[in-house]
Amino acid sequence: LICVGDHPASQVYIRNKITACDQVGIKSWVYRFEGQRSERAVLNKIVELNSDDEVHGILVQLPLPRSFNIERVIEAIDPAKDVDGFHPVNIGKLFSGKALFSPCTPWGIMRLIDHYKIQVEGKHAVVVGRSAIVGKPMAIMLLERHSTVTICTSKTTNLSDHVFKADILVVAAGKQNLIRGNMVKKGAVVIDVGINELPDGSLTGDVDFSGILEVASWISPVPGGVGPMTIAGLLTNTVKAFR
Ligand code: NDP
């Protein structure tokens, strides 16, 4: 695990990942780097870890400081150790339907969907958000499973019209209360990826949980829904990388 700077949420995520690794018997090491001017040192560490046979997975905790060239850092990781699935080689494999490592959050969401035996094929899936780590790979994975997919962004007009058509709705916008009960079709499956911090320090998602509970057939809570599944995805990819 490579961590740059002291972004508060990153410290929590790193801690959770270390604990999860401990729980399943994966050995983890954290390398911490200070602020803006440490890109060269981070790249050197990645090169060293790429050739270390003891290390099977390399993860760079995001976000990186603004001064960093994030593509350069991610592309430095050996694709066979890229357990986050962010390297262009792994993104390419995902798009060609032959993913080696799926990005952890969409992977975790597919596991939730499969665990609860939710039918994907032939359904209309709507993904709100198109980030490289959640929205885009999520849409591709749903498409791969034969759903009809709509992707919404901040520039989408009539968001409600699109959302209302969803049999499966995945919301990853990082906007509290973006989706309310009256926007969702009865019986829809609603997966809330968003993590928003409230003034009292507690966390909430992107959907109005209690409002949607009335209409949805399934809804994932925040915290406790997609978050832990993302970590499960990371552990699974690490075991895959080892094998
Ligand atoms: P980004 O900020 O990278 O992307 C957000 C996306 O949402 C963008 O594509 C943006 O559109 C879109 N968006 C923003 N506002 C709206 C709107 N009003 N209507 C429609 N689309 C909108 O975020 P991430 O994808 O990295 O993360 C999304 C959320 O999920 C965050 O809250 C993050 O903390 C959380 N998260 C949770 C994880 C977990 O394990 N539970 C893992 C990763 C993220 P545009 O492209 O046009 O700007």
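Positions are given from 1 along the sequence. In each ligand, atom 1 is the first atom listed, and ligand 1 is the first ligand listed.
- A heavy-atom distance below 4.5 Å is not found between the side chains of Lys123 and His146.
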- Message: As a quick check of understanding, evaluate side chain to side chain donor-acceptor pair (under 3.5 Å) for His124 and Ser147, giving each step before the final call.
- Response: CA-CA 6 Å; His124 192 147; Ser147 62; over 6 Å; no
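- Taking any N or O of Tyr13, backbone or side chain, none lies under 3.5 Å from an N or O belonging to ligand 1.
- For the residue pair Val190 and Ala216, the shortest heavy atom distance occurs at CG2-CB, 4.0 Å.
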- Would you please test Gln61 and Ile2 for side chain to side chain contact (heavy atoms under 4.5 Å, CB included) and show each step? CA-CA 6 Å; Gln61 184 64 45; Ile2 292 179; over 6 Å; no
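- Using a cutoff of 4.0 Å between basic side-chain nitrogens and carboxylate oxygens, Lys45 and Glu48 are scored as salt-bridged.
- Among Gly194, Pro63, Ala172, Pro106, the residue whose heavy atom lies nearest to atom 28 (C) of ligand 1 is Ala172.
- Considering backbone and side-chain N/O atoms, Arg130 comes within less than 3.5 Å of an N/O atom of ligand 1.
- Side chains of Val207 and Arg180 form no contact here, defined as non-hydrogen atoms less than 4.5 Å apart.
- Within the structure, the closest approach of Gly227 to ligand 1 falls below 4.0 Å when heavy atoms are considered.
- Residues Asp206 and Asn177 bring no donor and acceptor atom of their side chains to less than 3.5 Å of each other.
- Only the side chain of Val128 comes within contact range of ligand 1, with a heavy atom under 4.0 Å; no backbone atom does.
- Nearest heavy atoms, Cys104 versus Asn237: SG-ND2, 3.9 Å.
- Of the candidates Val163, Leu159, Val193, Val193 brings a heavy atom nearest to atom 37 (C) of ligand 1.
- Not a single heavy atom of Thr156 sits closer than 4.0 Å to an atom of ligand 1.
- Under 4.0 Å is where a charged nitrogen must lie from a carboxylate oxygen, and between Asp114 and Arg145 at least one such pair does.
- Shortest contact from atom 10 (C) of ligand 1 to any protein heavy atom: Ser154 N, 4.2 Å.
- Relative orientation of the Tyr116 and Trp218 rings is tilted, given thresholds of 30° and 60° on the angle between their planes.
- The protein heavy-atom contact nearest to atom 40 (O) of ligand 1 is Thr230 OG1, 2.8 Å.
- Taking a cutoff of 4.0 Å between a charged side-chain nitrogen and a carboxylate oxygen, Lys27 and Glu54 do not qualify as a salt bridge.
- Counting heavy atoms closer than 4.0 Å to ligand 1, residue Val134 contributes side-chain atoms (C-beta onward) but none from N, CA, C or O.
- Ranking protein heavy atoms by distance to atom 19 (N) of ligand 1, first place goes to Thr153 O, 3.6 Å.
- With Phe164 as the aromatic partner, Lys185 does not meet the cation-pi criteria of under 6.0 angstrom to the ring centre and within 45 degrees of the ring axis.
- In this structure, atom 33 (C) of ligand 1 lies nearest to the protein heavy atom Ile195 N, 4.2 Å.
- Among protein heavy atoms, atom 12 (C) of ligand 1 sits closest to Gly129 CA, 3.8 Å.
- Within the set Asn196, Ile151, Leu178, the minimum heavy-atom distance to atom 18 (N) of ligand 1 is found for Leu178.
- Nearest non-hydrogen protein atom to atom 2 (O) of ligand 1 is Ala173 O, 4.7 Å.
- Of all protein heavy atoms, the one closest to atom 31 (C) of ligand 1 is Gly174 CA, 3.7 Å.
- For ligand 1 and Ile133, the ligand atoms under 4.0 Å from any heavy atom of the residue are 26 (O).
- Each of the following atoms of ligand 1 lies closer than 4.0 Å to a heavy atom of Ser131: 3 (O), 4 (O), 9 (O), 24 (P), 25 (O), 26 (O).
- In terms of protein heavy-atom proximity, atom 42 (C) of ligand 1 is closest to Thr105 OG1, 3.3 Å.
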